[in-house]
Amino acid sequence: MNCMEVDSTACESSGQVTNLKSQLSSLERGNVELRRQINELSMKLQIAGQGKDETLYKPGPFGTVKALRTNPTVTPDESVNPRLAKILEEVAVKKELIVALANTNVREMLEVWFTNIKRVGIPNYLVVALDDNIESLCKSKGVPVYRRDPDEGIDNIAKTGGNHAVSGLKFRVLREFLQLGYSILLSDIDIIFLRNPFDHLYRDSDVESMSDGHNNMTAYGFNDVFDEPSMGWARYAHTMRIWVHNSGFFYIRPTIPSIELLDRVAGHLSREPKSWDQAVFNEELFFPSHPGYEGLHASRRTMDIYLFMNSKVLFKTVRKDAQLKKLKPVIVHLNYHPDKLERMKAVIEFYVNGKQDALRHFPDGSE
């Protein structure tokens, strides 16, 4: 049977799929800088195959098969928030931007945060002001700012809440950004930017997050053996362990699994308001489906711990290692230490102003 004897639409669709496969194969042989185009073509292939009875993918030789990891993005819907859509159109670069939530409690750290973003030359960032004070500050400093429409459920926490309470709000606030079709690099305020993070992202997963791990094992996962001597021959049980993804710095693409993640976390926190948002974030990302529970099917990637560095890595390891001290991270997140502002300033002195002893007097942990 040839194309004259079957429906012309089917042949046309088959031809499009063949053409997309050919383009994908060509791109895979190219430079790594083309991976964004490869991801886009992969998504088109995935969409082209939906609802078809025919098999679009024929497994290759052993060791060559690779499943798709990049989910297609949602169709942008500007009706969700026309005012925000207009702001994002002006601020975002290639439909991407850094977003941070802030209230008056973190005003001084916020100034350090956006001053360093400006110094690096990152144009695509936005502060979601949670009170009048922060909105006025940003406008006076020429910092892109967005003030949400009044919402009693959010505003009460936004104005008076502590770090954890405010942190939990982001999962509700970010949903509109994704619905508008933008990829967001969510940032806490206790972060120093030293390079442009958009030059160091893979963009191949729904969520790409920095780790709380302090070495390769803890950050990327390891086989941990549990010993129960009473079991005799079967005393050793193998478990998998990984330190959590940090919910204070992650890149999230506008996909259905990403939006489901935000909904799940926001819903969990509303039902259990005393829960820590980072713990809930990781539970929803990692827990598998099991009886009575349907897990989230989102793809995830852990960021390089020496490029996207937490403060435990910096103060326990990097500052004491002559070779690692020469590396310039993309960001440093002061997540492990309560004396955040003082250490933020010291990180600037060390990495920006070249003061080699700027980090020396701090203890590894907190006193």
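Worth knowing before you read on, the calculation uses all heavy atoms, side chains too, and leaves out hydrogens, waters and symmetry mates.
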Main-chain N/O of N246 paired to S209 side chain as donor or acceptor, under 3.5 Å:
yes
Would you find a donor on one side and an acceptor on the other, under 3.5 Å apart, between the side chain of K340 and the backbone of L334?
yes
Taking all heavy atoms of S211 and all of W243, pick out the closest pair and write down the distance.
OG-O, 4.3 Å
Indicate yes or no: at least one non-hydrogen side-chain atom of Y351 is less than 4.5 angstrom from one of V332.
yes
Distance from L110 atom CG to K141 atom NZ, nearest 0.5 Å?
11.0 Å
Of all pairs that satisfy ring pair (Phe, Tyr, Trp, His ring centres under 6.0 Å), the ones with a partner from residues 284-309, not counting sequence neighbours
H245-F286, F249-F308, H290-Y293
ILVMFWY cluster, L327 and M303 together (side-chain gap under 4.5 Å)
yes
With side chains defined as the heavy atoms from C-beta onward, is the minimum distance between Y236 and F226 less than 4.5 Å?
no
Which heavy atom in H200 sits nearest to a heavy atom in L307, and how many Å separate them?
ND1-CD1, 4.3 Å
Answer yes or no: is there a donor N or O on one side and an acceptor on the other, between the side chain of T317 and the main chain of L314, under 3.5 Å?
no
Shortest non-hydrogen contact from L180 to E78?
CD2-CA, 3.5 Å
A67 versus R69, closest heavy-atom pair with distance:
O-NH1, 2.6 Å
Tell me which pairs pass salt bridge (charged side-chain N to carboxylate O under 4.0 Å, His left out) where either residue lies in residues 99-119, with sequence neighbours left out.
R107-E111, E108-K345
With a 4.5 Å heavy-atom cut-off, do V145 and L137 have their side chains touching?
no
Closest contact, heavy atoms only, V80 versus E176:
CG1-CG, 3.8 Å
Electrostatic pair R300:D206 at N-O distance under 4.0 angstrom:
no
Rounded at 0.5 Å granularity, tell me how far CD1 in I192 sits from CG in N116.
4.5 Å
Could you check whether K86 pairs with E90 (Lys NZ or Arg NE/NH1/NH2 to Asp/Glu carboxylate O, under 4.0 Å)?
no
More than 12 heavy atoms from other groups under 6.0 Å of CD on Q356:
yes
So V225 and T239, do their side chains get closer than 4.5 Å, heavy atoms only?
no
Is it the case that the ring center of F281 lies less than 6.0 angstrom away from the ring center of F250?
yes
For T73 against T255, the heavy-atom pair lying closest together
CA-CG2, 4.3 Å
Any donor-acceptor pair under 3.5 Å from E208 side chain to Y202 backbone
yes
How many angstroms lie between CG in L174 and CG in L101, if you round to the nearest 0.5 Å?
7.0 Å
Same cluster for I259 and L261 if Ile/Leu/Val/Met/Phe/Trp/Tyr side chains link at under 4.5 Å?
yes
Contact list for residues 223-252, test salt bridge (charged side-chain N to carboxylate O under 4.0 Å, His left out), sequence neighbours left out:
D224-R241, D227-R235
Could you check whether K95 makes a cation-pi contact with Y182, meaning its NZ or CZ is under 6.0 Å from the centre of the six-membered ring and within 45° of the ring axis?
yes
Please check if the side chain of R319 supplies one atom and the backbone of L359 the other of a donor-acceptor pair under 3.5 Å.
yes
Would you find a donor on one side and an acceptor on the other, under 3.5 Å apart, between the side chain of D131 and the backbone of I134?
yes
Taking atom types as modelled, is there a side-chain donor on H214 or N310 under 3.5 Å from an acceptor on the other?
no
Report the distance from atom CZ of F114 to atom SG of C138, rounding to the nearest 0.5 Å.
6.0 Å
Start with the C-alpha gap between I122 and I98, add the side-chain angles, then the distance that decides, and say whether side-chain contact (heavy atoms from CB on, under 4.5 Å) holds.
CA-CA 9 Å; I122 304 168; I98 299 167; 3.9 Å; yes
Do V120 and I117 touch side chain to side chain, with heavy atoms closer than 4.5 Å?
no
Looking at I252, is its backbone amide N or carbonyl O close enough to the side chain of S258 to form a donor-acceptor pair, meaning the two atoms are under 3.5 Å apart?
no
Do Y251 and L194 belong to the same hydrophobic cluster, where Ile, Leu, Val, Met, Phe, Trp and Tyr are linked whenever their side-chain heavy atoms lie under 4.5 Å apart, directly or via other members?
yes
Between CD1 on residue I189 and CG on residue L341, distance to nearest 0.5 Å
12.0 Å
Run the salt bridge (Lys or Arg N to Asp or Glu O under 4.0 Å) test on R147 and D132 for me, step by step, so that the C-alpha distance in whole Å, both residues' side-chain angles and the decisive distance to 0.1 Å come before the verdict.
CA-CA 9 Å; R147 183 73 183 274; D132 295 338; 2.5 Å; yes
Would a hydrophobic clustering, with Ile, Leu, Val, Met, Phe, Trp and Tyr connected at side-chain separations under 4.5 Å, put V244 with M309?
no
Quick one about S187 and W113 (side-chain donor to acceptor, distance below 3.5 Å, no hydrogens or angles considered), yes or no?
yes
Within-4.5 Å side-chain heavy-atom neighbours: V330 and F193:
no
Residue list, ring pair (Phe, Tyr, Trp, His ring centres under 6.0 Å) with F315, at least two apart or on another chain:
H337, F362
Given side-chain contact (heavy atoms from CB on, under 4.5 Å), test M210 with I331 step by step and report yes or no.
CA-CA 10 Å; M210 73 170 292; I331 61 112; 4.1 Å; yes
Please determine if K170 and D188 form a salt bridge, counting it only when a charged side-chain N lies under 4.0 Å from a carboxylate O.
yes
Path from Y336 to I191 over hydrophobic side-chain contacts below 4.5 Å:
no
Using the rule given for side-chain contact (heavy atoms from CB on, under 4.5 Å), can you reason through F171 versus L269, listing the C-alpha separation, both sets of side-chain angles and the distance that settles it, and then say yes or no?
CA-CA 10 Å; F171 299 100; L269 292 173; 4.3 Å; yes
Give a yes or no answer on whether the side chain of Q278 reaches the backbone of S247 with a donor-acceptor pair at less than 3.5 Å.
yes
Does any donor atom in the side chain of Q179 or D77 lie under 3.5 Å from an acceptor atom in the other side chain?
no
side-chain contact (heavy atoms from CB on, under 4.5 Å) assessment of T70 paired with R253
CA-CA 10 Å; T70 309; R253 296 176 58 250; 3.6 Å; yes
Does a side chain donor of either Y146 or N81 reach within less than 3.5 Å of an acceptor in the other side chain?
yes
Do any N or O atoms from the side chain of N124 and from the backbone of E96 form a donor-acceptor pair under 3.5 angstrom?
yes
Any chance you could measure E284, atom CD, to E260, atom CD, to the nearest 0.5 Å?
8.5 Å
Taking side-chain contact (heavy atoms from CB on, under 4.5 Å) as the test, write out the residues that go with K320, two or more places apart.
D364
Contacts of type side-chain contact (heavy atoms from CB on, under 4.5 Å), residue P82, not counting sequence neighbours:
none
Counting only heavy atoms not in M231, do more than 12 sit closer than 6.0 Å to its CE atom?
no
Does this structure show an ion pair linking K312 with D212, if we count only N-O contacts that are shorter than 4.0 Å?
no
Would you call S299 and P257 a side-chain contact if the rule is heavy atoms closer than 4.5 Å?
no
